[in-house]
Number of protein chains: 2
Amino acid sequence: MDQRQALAAFGALSQETRLHIVRMLVVSGPDGMAAGAIAEKAEVSPSNVSFHLKELERAGLIAQQRESRSIIYTANYEALGGLIRFLMEDCCGGNREICAPSAAVAACCTPATKGELQ
Amino acid sequence: MDQRQALAAFGALSQETRLHIVRMLVVSGPDGMAAGAIAEKAEVSPSNVSFHLKELERAGLIAQQRESRSIIYTANYEALGGLIRFLMEDCCGGNREICAPSAAVAACCTPATKGELQ
DNA sequence: TCAATGCTTCAAGGATTATTGAAATATGGA
DNA sequence: TCCATATTTCAATAATCCTTGAAGCATTGA
């Protein structure tokens with residue numbers, strides 16, 4: 001994740017509807033969600049959700065794939081992790097005061113499957 | 001850090017000049033930098049830097065204090081750490097695939113002073 | 001008190017982003 | 001083929017954000 005991508009990602013996440021969408025897609029996992037389902041759950045119009053989904057895709061935070069009539073969107077976990085790393089390293093310079101408290105969070109998150117980390 | 005603050009912070013960091021300023025202030029540490037020095041190093045006009053500094057302050061990412069004729073700006077380490085935690089927890093739901101790779105970064109950053117972490 | 005320094009505020013303009021509803025496209029089934 | 005479904009694209013408008021230069025305020029030293 002370079003600065004260009006990070007700027008786009010920050011911009012994408014600075015909008016309430018889009019932040020909400022990313023959250024929903026992270027929760028829904030690899031199955032993702034269809035555009036219509038996202039629109040319904042986020043309570044926005046189809047054309048509006050389409051606008052925001054395009055924005056999130058342009059920023060690299062989500063991906064799409066057609067499945068029959070639906071278009072399924074999924075969160076890009078790598079990009080989200082990359083953004084967190086960018087914040088820690090490139091923005092905050094690995095400053096311990098900033099980054100260390102996050103280590104506790106990282107350590108406490110959903111247990112890893114064996115061998116998931118190398 | 002609640003969602004409202006996070007949205008503001010993301011918006012603040014989504015602009016090149018502002019991201020650059022935050023980086024400079026993190027590096028400059030508790031001494032901070034005067035507005036004029038920031039403007040010079042970032043190569044923007046005084047009034048423009050003032051506009052962006054206000055935006056960053058509004059988002060809670062930096063703080064100011066007058067020192068004689070200068071106004072000294074410093075990074076708000078707590079807010080930056082809070083934003084990283086927000087991304088990990090509230091946005092990404094503590095998802096291990098996203099957060100775990102960041103643990104390595106957190107572990108590798110500038111060594112802590114003894115007793116700095118509780 | 002006057003002038004210089006350091007910074008902010010203001011107003012105007014341009015640029016980008018968000019919202020809306022209507023029209024267009026793609027897919028699948030009758 | 002025709003229709004319904006799922007979604008996107010487009011055009012228009014509104015809203016927000018960025019940049020610029022001029023004017024204003026606060027502080028210090030002569």
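Residue numbers begin at 1 in each chain, while the letters A, B, ... track the order of the sequences.
- B:L13 has its side chain within reach of B:L83: a pair of non-hydrogen atoms, C-beta onward, lies under 4.5 Å apart.
- To the nearest 0.5 Å, atoms CD (A:E78) and CD1 (B:I98) are separated by 11.0 Å.
- B:I84 contributes atom CD1, which lies 11.0 Å from atom CZ of A:F86 (distance to the nearest 0.5 angstrom).
- In the hydrophobic cluster analysis, where Ile, Leu, Val, Met, Phe, Trp and Tyr join through side-chain heavy atoms closer than 4.5 angstrom, B:L7 is grouped together with B:I62.
- The structure places OH of B:Y77 at 10.5 Å from SG of A:C99, a figure rounded to the nearest 0.5 Å.
- Here chain B contacts DNA chain D (any atom closer than 4.0 Å to a heavy atom, that is under 4.0 Å), and the contacts span D:dC18 to D:dT28 from 5' to 3'.
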Return all side-chain donor-acceptor pairs below 3.5 angstrom for residues 17-46 of chain B, not counting sequence neighbours, or 'none' if the list is empty.
unit_1, atom_1, unit_2, atom_2, d
B:R18, NE, B:A12, O, 2.8
B:R18, NH1, B:H52, ND1, 3.2
B:R18, NH2, B:G11, O, 3.3
B:R23, NH1, A:D90, O, 3.2
B:R23, NH2, A:Q3, OE1, 2.3
B:S28, OG, B:L25, O, 3.1
B:S45, OG, B:N48, N, 3.1

Scan nucleotides 1-17 of chain C nucleotide by nucleotide, 5' to 3', and note B when protein non-hydrogen atoms come under 4.0 Å of the base, S if they reach only the sugar-phosphate, - if neither.
---BBSSBB--------
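- A salt bridge is defined here as a Lys NZ or Arg NE, NH1 or NH2 lying under 4.0 Å from an Asp or Glu carboxylate O, and B:R58 with B:E55 meets this definition.
- Interatomic distance, CE of A:M88 versus OG of B:S102, reported as 5.0 Å (0.5 Å rounding).
- Taking only side-chain nitrogens and oxygens, A:S68 comes nearer than 4.0 Å to OP1 or OP2 of C:dG28.
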